[in-house]
Amino acid sequence: VEGNITNHVAGYPVVIQIFKNDEAVHFAQTNVEQDGDYEYKFRVLYSDNGFINKIYEGNYSVKIFKVVYLNPENVI
C-alpha cells in the first residue's frame, strides 16, 4: 500500500485499514516522508512445512487516515 498525503502533519503516521466486505482484516500505521509519501508492505502468502497458503484472496477495500487538526491555533 503506497501513496502521498497532502498537508500531512510531521511526526504523525498514516493509519491503514484493510477490509473484506465490512469485516476489518488488517490494521497498520506507517510513517510519512517529508514529501508526503508513505509505503506499507505486508505478507500475502504464508508458508508452513513446504505448503504455501494465500492469506488474502479476493477483493479488499483499503482506507487511509491521516492526522487532521480541527483547531490550527493549538498546533505547536
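- For Val62, the side chain to side chain contact (heavy atoms under 4.5 Å, CB included) test picks out Val1, Ile16, Ile18, Ile64, with sequence neighbours left out.
- Sorted by first then second residue, the side-chain hydrogen bond (donor to acceptor under 3.5 Å, both in side chains) pairs that include residues 37-46, not counting sequence neighbours, are Asn4-Asp37, His26-Tyr40.
- Between Asn31 and Pro13 there is a side-chain heavy-atom pair separated by less than 4.5 Å.
- The structure places CZ of Phe42 at 12.0 Å from OG1 of Thr30, a figure rounded to the nearest 0.5 Å.
- Gln34 contributes atom CD, which lies 7.5 Å from atom NE2 of His8 (distance to the nearest 0.5 angstrom).
- Annotation: side chain to side chain contact (heavy atoms under 4.5 Å, CB included) contacts of Lys54 (sequence neighbours excluded): Leu45, Glu57.
- Counting heavy atoms of neighbouring residues, nucleotides and ligands inside a 6.0 Å radius, atom CG of Asn53 exceeds 12 of them.
- Rounding to the nearest 0.5 angstrom, the gap separating the CD atom in Gln17 from the OG atom in Ser61 is 11.5 Å.
- By the neighbour-count criterion of 12 heavy atoms within 6.0 Å, atom NZ of Lys20 is densely surrounded, having more than that number from other residues, nucleotides or ligands.
- Alongside Phe27, the hydrophobic cluster contains no other residue (criterion: ILVMFWY side chains under 4.5 Å).
- Follow the hydrophobic side-chain contacts under 4.5 Å out from Phe19 and you never reach Val14; the two are in separate clusters.
- Side-chain atoms of Tyr60 and Val25, non-hydrogen and from C-beta on, do get closer than 4.5 Å to each other.
- Side-chain contact between Lys66 and Asn7 is present, with heavy atoms from C-beta onward closer than 4.5 Å.
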